[in-house]
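As structure tokens, the structure follows; a few thoughts come after it.
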Amino acid sequence: MLRGLAEVVGFLLLGQGLVYVLSFGRHETNPIYQFFRFLTRPVVRTVRGITPQVVVDRHVPMVAFMLVFWIWVITIFVMRDLLRAGSGT
């Protein structure tokens, strides 16, 4: 469940970043970018709350993506270990 949520949030943040790059500076007026921003706002706000103030606001979505990526990786290893422990190997 956590892995699936991390995948969805990760793809939303990745899509937001892709639209940001492809909109050539007009991302604030792009409705697709605004939609991605609306969907990722809870994660970005949470990450903004746990990061130090020295992190610039425009970098917070990248920090959020990296945090979600590492959560995803950790869940893969935890699930692998749980499956190994359950199978008796």
Side-chain angles (χ1 to χ4, degrees):
M1 169 120 168
L2 182 61
R3 180 178 168 204
L5 184 62
E7 288 173 352
V8 169
V9 171
F11 280 124
L12 287 172
L13 286 165
L14 195 62
Q16 181 181 359
L18 190 62
V19 173
Y20 178 85
V21 169
L22 294 176
S23 62
F24 303 109
R26 297 185 306 255
H27 58 276
E28 290 299 330
T29 59
N30 188 323
I32 295 172
Y33 180 82
Q34 290 174 353
F35 181 67
F36 277 125
R37 194 167 158 193
F38 171 75
L39 292 175
T40 60
R41 186 174 295 139
V43 175
V44 173
R45 281 189 181 171
T46 303
V47 171
R48 174 77 267 174
I50 63 172
T51 54
Q53 292 298 321
V54 84
V55 177
V56 183
D57 283 341
R58 67 180 182 180
H59 295 155
V60 173
M62 289 182 277
V63 174
F65 178 77
M66 292 308 297
L67 183 65
V68 168
F69 171 76
W70 284 111
I71 289 171
W72 179 73
V73 168
I74 289 169
T75 58
I76 288 174
F77 283 110
V78 168
M79 286 176 54
R80 183 193 67 175
D81 290 342
L82 288 174
L83 289 174
R84 283 186 182 173
S87 66
T89 57

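- Looking at V9 and T40, their side chains never come closer than 4.5 Å, going by heavy atoms from C-beta outward.
- To the nearest 0.5 Å, atom CD1 of residue I76 and atom CG of residue D81 are 12.0 Å apart.
- With sequence neighbours left out, D57 forms a side-chain hydrogen bond (donor to acceptor under 3.5 Å, both in side chains) with R48.
- Across A6 and I71, no two heavy atoms sit closer than the pair CB-CG2, 4.4 Å.
- Hydrophobic clustering, with ILVMFWY side chains joined whenever heavy atoms are under 4.5 angstrom apart, groups V63 together with W70.
- Within a 6.0 Å sphere centred on CG of L14, heavy atoms belonging to other residues, nucleotides or ligands number more than 12.
- Contact detail for S23 and N30: the closest heavy-atom pair is CB-ND2, 4.1 Å.
- Residues forming a side-chain hydrogen bond (donor to acceptor under 3.5 Å, both in side chains) with R45 (at least two apart in sequence, or on another chain): none.
- The heavy-atom pair separating Q34 from T29 by the smallest distance is NE2-CA, 4.1 Å.
- Using cut-offs of 30° and 60° for the angle between ring planes, the Y33 and Y20 rings count as tilted.
- A heavy-atom distance below 4.5 Å is not found between the side chains of V43 and L67.
- Between G10 and V68, the closest heavy-atom pair is N-CG1, 3.8 Å.
- With rounding to the nearest 0.5 Å, the separation of CE in M66 from CE in M62 is 11.0 Å.
- By the 30° and 60° cut-offs, the orientation of the rings of F65 relative to F69 is parallel.
- V73 and L12 are members of different hydrophobic clusters when ILVMFWY side chains are connected at heavy-atom separations under 4.5 Å.
- The distance from atom NE2 of H27 to atom CD of Q16, rounded to the nearest 0.5 Å, is 9.0 Å.
- The local environment of CZ in R80 is crowded, with over 12 non-hydrogen atoms from other residues, nucleotides or ligands closer than 6.0 Å.
- Hydrophobic clustering, with ILVMFWY side chains joined whenever heavy atoms are under 4.5 angstrom apart, groups F77 together with W72.
- L2 and V47 fall within the same hydrophobic cluster, where Ile, Leu, Val, Met, Phe, Trp and Tyr residues are linked whenever their side-chain heavy atoms come under 4.5 Å apart, directly or through other members.
- The side-chain hydrogen bond (donor to acceptor under 3.5 Å, both in side chains) search around Q53 returns none, not counting sequence neighbours.
- Hydrophobic clustering of Ile, Leu, Val, Met, Phe, Trp and Tyr side chains at less than 4.5 Å, counting indirect connections, keeps L83 apart from V78.
- Under the 4.5 Å side-chain criterion, counting only non-hydrogen atoms from C-beta, R84 is not in contact with M79.
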